[in-house]
Amino acid sequence: QLQLVESGGGLVQPGGSLRLSCAASGLTLDYYAIGWFRQAPGKEREGVSCISRSGRSINYADSVKGRFTISRDNAKNTIYLQMNSLKPEDATMYYCAAAPRMFGRCVLSAPSYDSWGQGTQVTVSS
């Protein structure tokens with residue numbers, strides 16, 4: 001029943017910033033851990049970041065640590081991914097996903113997530 005819609009993707013120059021949003025409808029995100037993933041053509045889906053139900057457990061892929069920040073606004077039923085210092089290798093499709101049975105620390109494993117958005121394209125080019 002939960003539906004997720006990503007937005008905020010676009011074209012930025014290397015070193016630029018972008019803020020992705022994941023808006024939920026149908027159910028409140030209070031009951032879900034949320035993950036951000038990315039997948040390029042011919043590549044496996046890669047976990048980028050995740051945040052627990054409480055917001056107290058957050059994980060990042062090593063490739064984005066120090067550059068990306070995940071957050072959640074339960075009042076707006078929305079999750080954000082702030083991306084700074086973007087690199088060309090960050091360019092791909094980004095997806096948000098919800099995990100209803102993830103109660104502890106969140107994990108960056110795609111099979112652990114049940115509901116997925118349609119994705120938003122991020123392009124990093126000069």
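The analysis underlying the following values was restricted to heavy atoms, covering all of them including side chains, and did not include hydrogens, waters or symmetry mates.
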Task: Within one Ile-Leu-Val-Met-Phe-Trp-Tyr cluster: Met83 and Ile58, side-chain cutoff 4.5 Å - done: yes
Open item on the list: For Gly9, is there any backbone N or O sitting under 3.5 Å from a side-chain donor or acceptor partner on Thr120?
Closed with: yes
Open item on the list: For a side-chain hydrogen bond (donor to acceptor under 3.5 Å, both in side chains) check, start with the C-alpha distance between Asp73 and Thr78, then their side-chain angles and the critical distance, and finish with the verdict.
Closed with: CA-CA 5 Å; Asp73 187 339; Thr78 301; over 6 Å; no
Task: Over all atoms of both residues, closest heavy-atom pair of Ser52 and Gly104 - done: CB-O, 3.9 Å
TODO: Please say whether more than 12 non-hydrogen atoms of neighbouring residues, nucleotides or ligands are located less than 6.0 Å from OH in Tyr31.
DONE: no
Task: Pro100 backbone acceptor or donor facing Arg53 side chain under 3.5 Å - done: yes
TODO: Show your reasoning for whether side-chain hydrogen bond (donor to acceptor under 3.5 Å, both in side chains) applies to Ser63 and Arg38.
DONE: CA-CA 12 Å; Ser63 59; Arg38 62 189 182 187; 3.3 Å; yes
TODO: State, with a plain yes or no, whether a side-chain heavy atom of Asn74 is found less than 4.5 Å away from one of Thr28.
DONE: no
Open item on the list: Is it the case that over 12 heavy atoms from other parts of the model lie below 6.0 angstrom from the CD atom of Glu44?
Closed with: no
TODO: If the plane angle is over 60° it's perpendicular, under 30° parallel, otherwise tilted; pick one for Trp116 and Tyr95.
DONE: perpendicular
TODO: Output yes when a side-chain donor or acceptor of Thr92 lies under 3.5 Å from a complementary backbone atom of Gln39, and no otherwise.
DONE: yes
Task: Short side-chain to backbone donor-acceptor contact, Asn59 and Cys106, under 3.5 Å - done: yes
Open item on the list: Hydrophobic clustering (ILVMFWY, side-chain heavy atoms < 4.5 Å, transitive) - are Leu20 and Tyr60 grouped together?
Closed with: yes
Open item on the list: Tell me whether Arg67 contacts the main-chain N or O of Ser85 through its side chain, where contact means a donor paired with an acceptor under 3.5 Å.
Closed with: yes
Open item on the list: Can you confirm if the NZ or CZ of Arg19 lies within 45° of the ring axis of Tyr80 and under 6.0 Å from the centre of its six-membered ring?
Closed with: yes
Task: Side chain Thr69, main chain Gln82, donor-acceptor under 3.5 Å - done: no
Open item on the list: Centre-to-centre under 6.0 Å for Tyr32 and Tyr113, is that the case here?
Closed with: no
